[in-house]
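Data first, discussion second: the structure below is written as structure tokens.
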Amino acid sequence: MEKHCTMVYFSLRESKQNKKGLSPIEVSISTNGKRIYFSTGKYARSTDWNKEKQLVKGKSEEAQLVNSYLTQLRNKIYQKEIELLQMGYLITAELLKEAVADKVEALNEKSLFEFFEEHNREQEKLVGNGVSKATYWISVYTVRLLKKFVQQKYKREDLYLRELNLNFIQSFHTFLRIDKGMAQNSSTKHLKLLKKIVNLAVANSYMATNPFITYKIEREPVEIDFLDEEELRKIINFDTPLPRLERAKDMFLFGCFTGLSYIDIKTLAPEHFEKDNIGRIWIKKRRVKTGVLSRIPLLPIAKLILDKYKGGEKLLPIQDPADINKYLKDIAILCDIKKRITFHTASHSKFFYLLNISELSILKNVTANDLETSYILFLSQLCNIQRTL
């Protein structure tokens, strides 16, 4: 890299004065003995200008604003110099002037994290209005993972979008699987989000080519654990003196008998319940994740759980996800259930249980006056619920 010396100097062009007696403040950029002048757009009286310190005298608000601007302009010139050097440019005074005026096209390109965080800020505005908190959290977490990866592999704080290529994607995938110990499907979530960002960058002409064209993101098939009738009965009959386990059990069973996910239970409110013309209670709520409206009959067990916690600060005092899954693991051990139970298991156990149950008495008076019609209507309702999961 060729050595060079850049100096920035502010001066007052006293030979020029406007009708108010103010003279323009100019900046000169000197690089390797070649100098260029241009106006800063700011003015001062010759009596107020400190030539030695290159600033306006006094502590008036106007003087402080002008001096602050000059400091920022000096910093911007040196910052543009660094950016040009990083991109391999030969520094000249004329080039720096163009860069300060944002006329060097190469410096107007977006970096990966600048563009990604713009996306996240827009997404944050939509939380609760088409975007769930969980979706936004994944976006924020993906940026954190990418920053760790870029620092580790490239020893840099950021990359320009144009620098992303197939090797970057492959290496990031390896970083997620090996360094972060993620399963294939977990890493896929972050890769798909990165692909979305790259697609947006290409669409906005920040990238000439899309490296994801030749990279296929594949999910592995997953065998979903569900609880059979016997296992579900064990949990229903499970008794414990520990309040945390009792609460985790109740929240899990409420999920089993309503089909609601963790976040849907957490956001459940009194306005989501309604009675039909024959007195049956229904849960009418839009799913947080999909926005799809679900209408779910409130079964006796679910109603008993609601009544149990009636009068508390929340409709249902569900624990944090990590805590409740830890407690469900303990419950499974105590109930001698040889399956890994998480709160998500509730979304699967209800279908197996209700589709295979032999004693239909629990459905009595839930959706119709007779068992046969009740069973048919309830199964059709389950199909509607299942499509929202």
Side-chain angles (χ1 to χ4, degrees), residues 83 86-88 106 109-127 130-225 261-263 288-290 320-322 325-326 329 340 342-345 347-348 389:
E83 292 176 14
Q86 288 176 340
M87 299 183 72
E109 62 180 322
K110 295 279 188 180
S111 71
L112 170 61
F113 298 133
E114 178 187 6
F115 190 64
F116 209 137
E117 284 167 352
E118 281 180 8
H119 162 271
N120 289 359
R121 284 193 292 271
E122 291 301 313
Q123 191 178 63
E124 185 179 17
K125 296 175 185 176
L126 296 172
V127 171
V131 174
S132 69
K133 287 183 179 179
T135 298
Y136 171 67
W137 183 86
I138 288 292
S139 297
V140 173
Y141 185 44
T142 301
V143 170
R144 291 212 309 264
L145 290 169
L146 278 165
K147 285 184 175 180
K148 289 179 181 178
F149 166 67
V150 169
Q151 289 169 355
Q152 178 178 303
K153 181 174 176 63
Y154 299 94
K155 305 297 186 284
R156 289 168 59 181
E157 297 301 316
D158 204 346
L159 295 176
Y160 286 106
L161 285 167
R162 62 175 170 78
E163 296 180 273
L164 304 190
N165 54 26
L166 182 60
N167 178 260
F168 176 88
I169 298 169
Q170 291 172 329
S171 298
F172 181 54
H173 193 177
T174 302
F175 170 80
L176 295 176
R177 293 298 308 275
I178 305 302
D179 294 73
K180 291 300 175 182
M182 290 188 184
Q184 173 63 17
N185 292 348
S186 295
S187 64
T188 294
K189 289 188 295 185
H190 302 291
L191 288 169
K192 283 187 174 180
L193 185 53
L194 177 60
K195 181 178 180 179
K196 174 188 174 183
I197 296 300
V198 169
N199 288 341
L200 288 172
V202 172
N204 283 281
S205 302
Y206 294 125
M207 295 178 68
T209 58
N210 190 335
F212 273 99
I213 289 176
T214 55
Y215 196 81
K216 191 173 182 181
I217 303 173
E218 295 182 334
R219 286 181 59 86
E220 292 178 345
V222 178
E223 289 187 10
I224 300 171
D225 269 341
S261 67
Y262 173 87
I263 190 62
V288 173
K289 183 176 180 180
T290 64
D320 290 337
N325 285 332
K326 181 172 65 177
K329 181 180 178 181
R340 178 177 175 269
T342 66
F343 197 85
H344 189 63
T345 310
S347 297
H348 304 289
L389 294 177

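The line from CZ of Phe116 to CG of Leu161 is 11.0 Å long, rounded to the nearest 0.5 Å. To the nearest 0.5 Å, atoms CE (Met207) and CG (Leu112) are separated by 9.0 Å. Atom CZ of Phe212 sits about 4.0 Å away from atom CD1 of Ile169, to the nearest 0.5 Å. With values rounded to the nearest 0.5 angstrom, Asp158 atom CG is found 10.0 Å from Gln151 atom CD. Atom NE2 of His190 sits about 14.0 Å away from atom CZ of Phe149, to the nearest 0.5 Å. Here Lys192 contributes atom NZ and Thr188 contributes atom OG1; the two are 6.5 Å apart, rounded to the nearest 0.5 Å.
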Q) Passes side-chain contact (heavy atoms from CB on, under 4.5 Å), Glu163 versus Phe168? Steps please. A) CA-CA 9 Å; Glu163 296 180 273; Phe168 176 88; over 6 Å; no

Q: Go through the steps for Leu191 and Lys195 under the test side-chain contact (heavy atoms from CB on, under 4.5 Å), then give the verdict.
A: CA-CA 6 Å; Leu191 288 169; Lys195 181 178 180 179; over 6 Å; no

Q.
side-chain contact (heavy atoms from CB on, under 4.5 Å) for Lys326 and Lys329? Distances and angles first, verdict last.
A. CA-CA 5 Å; Lys326 181 172 65 177; Lys329 181 180 178 181; 5.7 Å; no

With a 3.5 Å cut-off and sequence neighbours excluded, list the donor-acceptor pairs that the side chains of residues 175-184 form with protein atoms.
residue: Arg177; atom: NE; partner: Met182; partner atom: O; Å: 2.8
residue: Arg177; atom: NH1; partner: Gln184; partner atom: OE1; Å: 2.9
residue: Asp179; atom: OD2; partner: Gln152; partner atom: NE2; Å: 3.1
residue: Gln184; atom: OE1; partner: His173; partner atom: NE2; Å: 3.1
residue: Gln184; atom: NE2; partner: Glu218; partner atom: O; Å: 2.7

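Between the Asn185 side chain and the Glu220 main chain, a donor and an acceptor come within less than 3.5 Å of each other. Checking side-chain atoms of Asn204 against main-chain N and O of Tyr206 turns up no donor-acceptor pair under 3.5 Å.
At a threshold of 4.0 Å, the pair Glu122-Lys125 counts as salt-bridged, since one of the basic side-chain nitrogens sits closer than that to a carboxylate oxygen.
Minimum interatomic distance between Phe172 and Leu194 (heavy atoms only, all atoms of both residues): CD2-CD2, 4.0 Å. Residues Tyr215 and Gln170 approach most closely at CE1-CG, 3.5 Å, considering heavy atoms. Pro321 approaches Tyr262 most closely through the heavy-atom pair CD-OH, 3.2 Å.
Residues meeting the side-chain contact (heavy atoms from CB on, under 4.5 Å) test with Gln123, sequence neighbours left out: His119, Asn120, Val131, Thr135, Tyr136, Ser139, Lys196. For the side chain to side chain donor-acceptor pair (under 3.5 Å) test, no residue two or more places apart in sequence or in another chain qualifies with Asn165.
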